[in-house]
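Each remark here refers to the structure printed beneath this line.
Because only heavy atoms are used, hydrogens play no part in the values below, and waters and symmetry mates are left out as well, while side chains stay in.
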Amino acid sequence: MLKLIELEWRKLERKKVIGEAITYWLILMFLPVFFLKVVFADMPNVRFGESYAAALDLMIAIQMGIILFGASLINHVFIEEYKNKTIALSFGYPLSRKRLVMAKVLFIVLAVFIGTLVSFGVSGIVTFALNQVMDVIPGTPTAADLTNYAIRMIIHSIAAALASLIPLFLFGIWKRAVIPTVICAVFLMQFPNFLGLLRITLSPDFLYVIFSVLGVASVILSVKFINKLGDF
């Protein structure tokens, strides 16, 4: 399985994918301070800037933007191969299609997980550094804050990796459509905001659990029906 995952990496346009990841990191690492300094500055009911502990919820919500990277990988790993018919070469290997699909899925999960971890780390460092100059968050992070950040970083990186697979079955393998895949990812990113507009209160952690379950369900359906939907 590790060799198959490595093969997926070798088949990619690596410079393009790495460039996409760097672009997401550059955008996401400045967003927490931007929101605290500009967007939420005149909103007294928003408490994200009260402390580093309070800012953590904002950091988590922003980092879910990496789901878009997952949508991009679905396009590279599945949709483009279907459209270019290069996936026929993979399906010609003396291996089951289900095993090949799982290798592709694991590659996406690992890539998004690592990408989200890096994004969390870089965003945390940049937010702390900019805060020393702009003073948008009072005080300094405590050992408890750092420990909590590290734990949540790992948990929500897993959630982001699984949530990024939600479009896989319907739009990646069945419809093989790029734009709907991206739109689905954008919708998932903005879903908490939609709930807020509808005045529906739902714990963000519970919401990410639901996303994770839906991502796993999408993978199960993809593996189960690949023999029926995997033809060209």
Can a donor-acceptor pair be found between the side chains of D145 and T142 at a distance below 3.5 Å? yes

Determine whether Y208 and I60 make a side-chain contact, defined as any pair of heavy atoms from C-beta on separated by less than 4.5 Å. yes

Should the heavy atoms of other residues, nucleotides or ligands under 6.0 Å from CZ of R14 be counted, would the total exceed 12? yes

Does F78 reach the side chain of L73, with side-chain heavy atoms less than 4.5 Å apart? no

Residues sharing I183's hydrophobic cluster, by side-chain heavy-atom contacts under 4.5 Å among ILVMFWY, directly or via others? I179

Tell me whether Y52 is reachable from V133 by hopping between hydrophobic residues (I, L, V, M, F, W, Y) whose side-chain heavy atoms are closer than 4.5 Å. yes

Option passing side-chain contact (heavy atoms from CB on, under 4.5 Å) with H76 (candidates K11, E20, E81): E20

Rounded to the nearest 0.5 Å, how far does CZ of R176 lie from CD1 of I74? 14.0 Å

With a 4.5 Å cut-off on side-chain heavy atoms, are L36 and M134 touching? no

Should V213 and V223 be counted in the same cluster of Ile, Leu, Val, Met, Phe, Trp and Tyr side chains packed under 4.5 Å apart? no

Count I, L, V, M, F, W, Y as connected when their side-chain heavy atoms are under 4.5 Å apart, and connections chain through other members. Are I125 and I66 then in the same cluster? no

Identified side-chain contact (heavy atoms from CB on, under 4.5 Å) counterpart of S212 within the set L165, I166, L162, L207: L162

Check whether N75 reaches the backbone of V178 with its side chain - one donor and one acceptor, N or O, closer than 3.5 Å. no

Any side-chain heavy-atom pair of H156 and F120 under 4.5 Å: yes

So, Q63 and S123: side-chain donor and acceptor under 3.5 Å apart, yes or no? yes

Establish, yes or no, whether a centroid distance under 6.0 Å links the rings of F187 and F191. yes

Got a salt bridge between D205 and R152, using NZ or NE/NH1/NH2 to carboxylate O under 4.0 Å? yes

Backbone of P167 reached by a side-chain donor or acceptor of T181 within 3.5 Å: no

Closest non-hydrogen atom pair, T116 against A160: OG1-CB, 3.9 Å

